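Here the structure is a predicted model, which is why all the values come from computation and not from measurement. Labels below follow one simple rule: chain letters A, B, ... track the order of the sequence lines, proteins then strands, and each chain is numbered from 1.
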Number of protein chains: 2
Amino acid sequence: MDLMSGTSWLSDEEQRVWRDFSAAVNMLRAHLEAQLQRDAGMPHAYYEILVVLSEAPGRVLRMSELASATRSSRSRLSHAVARMEASGWVRRESCPTDRRGAFAHLTAAGLAALEDAAPGHVEAVRASLFDALTPEQMRRLGEISAAIRDRLAPRCAEAEAEEMERLEDGERAGG
Amino acid sequence: MDLMSGTSWLSDEEQRVWRDFSAAVNMLRAHLEAQLQRDAGMPHAYYEILVVLSEAPGRVLRMSELASATRSSRSRLSHAVARMEASGWVRRESCPTDRRGAFAHLTAAGLAALEDAAPGHVEAVRASLFDALTPEQMRRLGEISAAIRDRLAPRCAEAEAEEMERLEDGERAGG
DNA sequence: TACCCCTAGTTGAGCCCTCAATCATCTTCG
DNA sequence: CGAAGATGATTGAGGGCTCAACTAGGGGTA
């Protein structure tokens, strides 16, 4: 058997679903990103950071926890928080018990920025997503999303683990 | 009545659906983007351009048509095609009947790059999306996606039209 | 103590995207 | 014809993201 014929291509229906899904998601993302950027002067990723911080006890979180809560890489979060600190929305403080660590505090200005941004964003989400769906579709979308999330979440850990093994094993395979 | 109380916030269920959806979509995008970048050395946006071009009659398309087929801005497409031309995947040619216009041709190298990239990408889509869903969920996702797409597609045109009107009308509203 | 490895976080380069401005050309209409 | 405006496409600046390298501090072991 050869490689190409081993590939299982998408059926017509799968292809149609994939293209519609892709189009819908791209348009939705672009729409919400533009709304937030235009009306609140922040990218959606920063909005999510503000939301997570605002819900944390004391409105403080370790950088690592903030990264995993926003499903973001440390690097990305670090860049983002640096910029948000320059905007006065977040303040960084080093951890006394582990001097490698850092806390990210939501400032009053950051909370205010979030409160300014939220109504417009929520309305945009409602108008572009929920208003397009029946209640049943909304419920279905929740189930489908959870299934995709649960399928993908372990993969990230797996990928890391495999990478580890590969590095540790070196090359043992001969033929 | 005041502004804030006029905001209709999301219900608990809406909020849960939105967060799951958001997480699922972000993870899926990141996963597919990384797979394509790692295994084929191209971003997903470029892959889509190659797909659309490969399906066009003669494997040629006007820049504008390519832009609208990929739901991309002219600017973005222009940058992308410039880079893809440097990779030898696309060749640009000016239109003889309208000298403002340009054609984008898929080259043999571009087609080869697409054919190399496709199996891995398709398998990633299958593994991370379709394998997570039952056949019924897949069908539902298609319907939901189409609904969102149809809801958003006219909005783009509307937004432009409103922008036009706003510019033409000037400010007539006094209060 | 010295060594080694692991973890927390930052940094810089390079790439892609958006926005606004620009260029060149077509079109319309007086 | 000629000026004004619309259209097709490009450009450059600025910002966010990823990847890989790096800094710095913790934790175990001999």
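Side-chain contact check for A:Asn26 and B:Arg149: no donor-acceptor pair (N or O, by modelled atom type) lies under 3.5 Å. A donor-acceptor pair shorter than 3.5 Å can be found between the side chains of B:Ser64 and B:Arg74. Side-chain N/O atoms of A:Ser8 and B:Arg126 include a donor and acceptor closer than 3.5 Å. A donor atom on one side chain and an acceptor atom on the other are not found under 3.5 Å apart for A:Ser94 and A:Arg99.
Residues of residues 78-106 of chain A that place a heavy atom closer than 4.0 Å to DNA chain D, in numerical order, are A:His79, A:Arg83, A:Asp98, A:Arg99, A:Arg100. Residues from residues 42-61 of chain A with heavy atoms under 4.0 angstrom of DNA chain C: there are none.
In this structure, the side-chain hydrogen bond (donor to acceptor under 3.5 Å, both in side chains) partners of A:Arg140, at least two apart in sequence or on a different chain, are A:Glu136. In terms of the ring-ring contact (aromatic ring centres under 6.0 Å, His included) criterion, residue partners of A:Tyr47 (sequence neighbours excluded) are, by chain and number, A:His121.
Distances shorter than 4.0 Å separate some side-chain N or O of A:Arg62 from OP1 or OP2 on C:dG9.
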Notebook entry, point to check: Could you write out DNA chain C as a dot-bracket string, with dots for unpaired bases, | for bases paired across to another strand, and Watson-Crick or G-U pairs counted at under 3.5 Å?
Noted result: ||||||||||||||||||||||||||||||
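Under the ring pair (Phe, Tyr, Trp, His ring centres under 6.0 Å) criterion, no residue pair touches residues 59-108 of chain A, with sequence neighbours excluded.
Side chain A:Ser75 to base D:dC19: a donor-acceptor pair is found below 3.5 Å.
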